[in-house]
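One structure is given here, and the rest of the page talks about it.
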Amino acid sequence: MTVHYLLSRPYVLRGWKKLPYALQNYFTGKTEFFRRDDFFLLLCCDGQTVIDREKLTEGETKRFDHWLKNGFIRECNPEDRLAPDQEYRFYPARFKNEVQWSITGRCNYRCRHCFMSAPHGAQGEPAWDELMTMLDAFDRCGIRTVQLTGGEPMVRKDFWQLVDAIRARKISINALYSNGLLVTDEFLDRLEKRGMRPSIQFSFDGVGHHDWMRGVPGAEKIVLDAMRRCRERGFSFTASMVICRESAGCIRESVNLLASLGCQGLKIGNASPQGEWANESEHYLTQEETWQAFLDYVPQYLADGKPMPIGLEGIFNCDQPAMNPRSYCEKNIKEESFPKALLCGHVRNGMYVSPQGRVLPCMSMVGCPIEQQFPSMLETPLEEILDDSLYMDIINARISDFMTHNPECASCEYRCACCGGCRAIAVRDGSTDYLKPDPTACAYFKGGWKAKKDALLESLGVSE
């Protein structure tokens with residue numbers, strides 16, 4: 001039996017340096033990589049090639065059946081052809097799935113804990129031509145998904161012009177980060193008119209404390225109203241919460257309130273002693289105080305029936321573990337895998353771009369002295385940055401590199417659970433040595449906090 005197959009419309013054929021064989025969903029940006037022989041078989045799904053199923057090997061038949069079942073391909077008429085944008089395209093750059101892009105360093109709030117000092121516009125704001133230089137580089141390197149953040153991204157006067165420029169390049173915006181002030185009905189109308197429904201992540205710093213933390217009277221009501229507006233109109237949203245000495249006791253009330261509004265996930269963490277917070281030390285919780293606040297809350301969270309997925313900075317995650325980038329805790333990687341295991345797998349497929357165009361592994365490195373050592377897309381082509389740069393050194397660093405650099409860690413009893421910790425936290429003290437140990441990881445394991453958490457969860461009869 002002969003048949004013609006055609007790649008289904010959401011999918012396109014793509015390739016990158018060192019990963020030349022890929023199938024990508026153009027709507028979601030999800031990318032699946034193939035071995036050479038399998039990909040060449042997929043290339044036959046062009047509407048022109050005649051497939052004689054009786055001559056296929058058992059393995060080839062299984063592949064075609066799998067692709068049909070999962071909607072990657074479909075049977076077609078002999079005259080059907082691939083759309084031009086579905087045809088194979090090779091990008092001369094390393095693969096990156098998405099970018100978190102700070103399109104401005106300005107903000108319309110005065111958050112007292114802002115690590116990038118947005119109230120003072122410390123990062124500046126890129127000009128339109130500079131934005132286009134960065135956007136064209138994303139497109140040129142095959143990056144198909146962006147998340148827009150700031151500062152407050154919507155304060156840009158040319159925000160909608162930028163949105164349209166992104167869409168014109170067939171790049172999707174899957175998330176917006178906002179304090180909620182500008183998330184009005186008119187704003188959501190303009191998203192809907194463009195056929196867009198990105199997830200929105202709101203900042204919310206605790207019932208009764210949000211106004212004080214954000215430096216704007218009425219900020220709490222504004223952001224809660226924005227959440228209600230999103231729920232009523234079917235926009236998904238999550239939230240992030242920063243606790244301080246004054247607000248540590250309101251976690252339960254805050255979680256339950258956000259859950260009642262339809263919030264789909266919450267990250268809670270401590271503020272970093274940098275940026276604006278460097279001058280607010282009397283309000284800062286130590287890491288140990290933060291962990292204790294989280295352990296005090298966990299029984300309440302369970303008693304309330306796990307009202308929503310949460311990530312409690314490096315100590316407890318529930319239902320959505322990927323929400324917490326500090327996933328160094330309890331990886332329990334086998335020691336023999338150290339030479340191949342990435343030191344930070346969380347940032348492997350994405351990157352952060354600052355308002356100055358600097359390409360960083362993650363936003364948490366903004367405000368640290370090491371930030372200035374990262375290359376800027378406004379000075380160096382992104383293709384070169386993704387090939388050889390400090391950014392790639394950190395992305396490609398292996399656990400074995402860390403252990404060689406830190407012999408005391410190589411002999412530590414927790415080495416297979418800690419694996420060095422978080423690179424951003426490691427350089428938060430002003431160091432530019434990205435292979436130095438993360439002091440909070442040491443405190444978590446050696447200070448007995450892991451044991452405390454394990455004992456608590458065992459007493460409650462639950463596991464993460």
Side-chain angles (χ1 to χ4, degrees), residues 27-29 98-103 107-109 111 118 145-156 159-160 163 166 172-207 209-211 213-214 216 218-243 247 250-269 301 304 306-313 317-325 350 363:
F27 294 155
T28 66
E98 65 180 14
V99 57
Q100 186 183 30
W101 188 15
S102 279
I103 59 175
C107 187
N108 48 6
Y109 275 11
C111 303
T145 304
V146 296
Q147 301 175 354
L148 300 184
T149 185
E152 174 66 26
M154 281 86 83
V155 300
R156 287 196 66 105
F159 176 79
W160 292 110
V163 168
I166 294 171
S172 65
I173 301 172
N174 70 346
L176 294 170
Y177 293 73
S178 177
N179 56 38
L181 179 60
L182 299 178
V183 183
T184 61
D185 277 316
E186 180 185 0
F187 178 82
L188 298 180
D189 286 343
R190 297 180 79 166
L191 287 176
E192 288 183 331
K193 287 178 181 178
R194 289 167 170 80
M196 297 172 57
R197 282 187 170 272
S199 175
I200 300 176
Q201 179 170 301
F202 292 106
S203 300
F204 181 74
D205 295 322
V207 173
H209 299 276
H210 187 75
D211 288 9
M213 289 281 276
R214 295 285 152 179
V216 174
E220 181 173 334
K221 182 180 185 304
I222 288 170
V223 70
L224 295 177
D225 285 346
M227 292 181 187
R228 293 186 182 96
R229 190 173 296 118
C230 287
R231 178 191 60 188
E232 291 166 1
R233 299 187 55 162
F235 282 82
S236 66
F237 65 92
T238 59
S240 62
M241 177 178 172
V242 173
I243 60 172
S247 64
C250 77
I251 296 176
R252 184 179 197 176
E253 183 181 3
S254 300
V255 170
N256 290 341
L257 172 60
L258 296 184
S260 72
L261 295 176
C263 185
Q264 297 181 345
L266 175 66
K267 295 183 294 186
I268 310 178
Y301 174 76
D304 293 337
K306 302 180 182 179
M308 65 190 303
I310 60 169
L312 304 179
E313 188 185 68
N317 301 301
C318 186
D319 294 336
Q320 200 172 344
M323 288 179 62
N324 196 334
M363 194 176 190

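The first residue of the sequence shown is numbered 1, and numbering continues consecutively from there.
Note that the OG1 atom of T184 and the CD1 atom of I222 stand 11.5 Å from one another [nearest 0.5 Å]. Note that the CD atom of Q201 and the NZ atom of K267 stand 4.5 Å from one another [nearest 0.5 Å]. Of the inter-residue distances, the one linking N174 atom CG with R197 atom CZ reads 15.0 Å to the nearest 0.5 angstrom. Rounding to the nearest 0.5 angstrom, the gap separating the NE2 atom in H210 from the CZ atom in F202 is 10.5 Å. Of the inter-residue distances, the one linking S203 atom OG with R214 atom CZ reads 4.0 Å to the nearest 0.5 angstrom. Rounded to the nearest 0.5 angstrom, C107 SG and M154 CE are separated by 10.0 Å.
At least one side-chain heavy atom of L182 sits under 4.5 Å from a side-chain heavy atom of N108. Within the 4.5 Å cutoff, the side chain of V242 has no heavy atoms near those of the H209 side chain. Residues S247 and D205 are not in side-chain contact: their nearest non-hydrogen atoms beyond the backbone lie 4.5 Å or more apart. The shortest distance between side-chain heavy atoms of F159 and I103 falls below 4.5 Å. Put simply, the side chain of W101 does not reach to within 4.5 Å of the side chain of Q147, judged on heavy atoms. Between L188 and I200 there is a side-chain heavy-atom pair separated by less than 4.5 Å. The shortest side-chain heavy-atom distance between V183 and F235 does not fall under the 4.5 Å cut-off.
Of all the heavy atoms in S260 and R231, the pair that sits closest is O-NH1, 3.3 Å. Contact between D211 and A219 at its shortest, heavy atoms only, is OD1-N, 3.1 Å. When all heavy atoms are compared, the tightest approach of V255 to M308 is O-SD, 3.7 Å. Nearest heavy atoms, G180 versus S178: N-OG, 2.9 Å. L148 approaches P153 most closely through the heavy-atom pair O-CG, 3.8 Å. Taking both residues in full, the closest heavy atoms of C250 and G206 are given as SG-CA, 3.7 Å, listed atom of the first, atom of the second, then distance.
In this structure, R194 contributes its side chain and R190 its backbone to a donor-acceptor pair below 3.5 Å. Proximity of a side-chain donor or acceptor of S254 to a complementary backbone N or O of V207 within less than 3.5 Å is detected. In this structure a side-chain-to-backbone donor-acceptor pair under 3.5 Å is present from E152 to N179.
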